[in-house]
Asks: 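Once you've had a glance at the structure underneath, I'll fire off some questions.
When a residue number appears, it is its place in the shown sequence, counting from 1.
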Amino acid sequence: MPQYRSFTGKEPRGTIIVRVVASAKGPRAFIREVRDPADIAEDAIEQSEEMPVEEALALARNKSSNMKGPTDVVIELAPDTEWNESWGNLG
């Protein structure tokens with residue numbers, strides 16, 4: 001089962017963030033990558049299209065495995081969402 005950690009806001013450059021949000025279709029996700037850890041402006045980061053959580057996690061793991069050096073996939077849960085253990089372990 002995949003292992004993930006929670007988003008802290010202090011992730012280094014290259015970290016892949018999967019943001020899980022609630023929607024009328026059920027939980028959905030967006031993927032983004034930390035480009036400049038010093039830039040805290042949310043709107044400076046381009047987000048992907050909304051997609052099912054399972055698809056976003058698979059895409060993030062694939063992207064992580066194809067990047068140079070170690071790259072973490074972290075999870076950012078919106079306040080109105082909960083982690084589903086079928087997606088993996090969130091530590």
Asks: With a 4.5 Å limit on heavy-atom distance, are the side chains of Val21 and Arg19 in contact?
Replies: yes
Asks: If the test is side-chain contact (heavy atoms from CB on, under 4.5 Å), which one of Thr8, Val34, Ile17 qualifies with Val74?
Replies: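 In the set Thr8, Val34, Ile17, the residue that makes a side-chain contact (heavy atoms from CB on, under 4.5 Å) with Val74 is Ile17.
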Asks: Give a yes or no on whether Gln3 atom CD has more than 12 heavy-atom contacts from other residues, nucleotides or ligands under 6.0 Å away.
Replies: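 Enclosed.
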Asks: Can you pull out every salt bridge (Lys or Arg N to Asp or Glu O under 4.0 Å) where at least one residue sits in residues 54-66? Sequence neighbours excluded, please.
Replies: Glu33-Lys63
Asks: Sequence neighbours excluded, which residues qualify as salt bridge (Lys or Arg N to Asp or Glu O under 4.0 Å) partners of Arg28?
Replies: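 Partners of Arg28 under the salt bridge (Lys or Arg N to Asp or Glu O under 4.0 Å) test: Glu50.
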Asks: Check whether any side-chain heavy atom of Glu11 lies under 4.5 Å from a side-chain heavy atom of Asp72, and answer yes or no.
Replies: no
Asks: Quick check: closest heavy atoms across Val18 and Ala56, and the distance to 0.1 Å?
Replies: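 Taking every non-hydrogen atom into account, CG1-CB, 4.1 Å.
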Asks: With sequence neighbours left out, write down each residue that passes side chain to side chain contact (heavy atoms under 4.5 Å, CB included) with Ala22, or none if nothing qualifies.
Replies: Asp80, Thr81
Asks: Test your reading of the model: is there a side-chain donor-acceptor pair from Ser6 to the backbone of Ile75, 3.5 Å cut-off?
Replies: no
Asks: Using 0.5 Å steps for rounding, measure from the CD atom of Glu76 to the CZ atom of Phe30.
Replies: 11.0 Å
Asks: Is there side-chain contact between Glu85 and Leu90, with heavy atoms separated by less than 4.5 Å?
Replies: no
Asks: Within the side chain of Trp87, is there an N or O that forms a donor-acceptor pair under 3.5 Å with the backbone of Pro2?
Replies: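 Here the side-chain-to-backbone pair does not exist.
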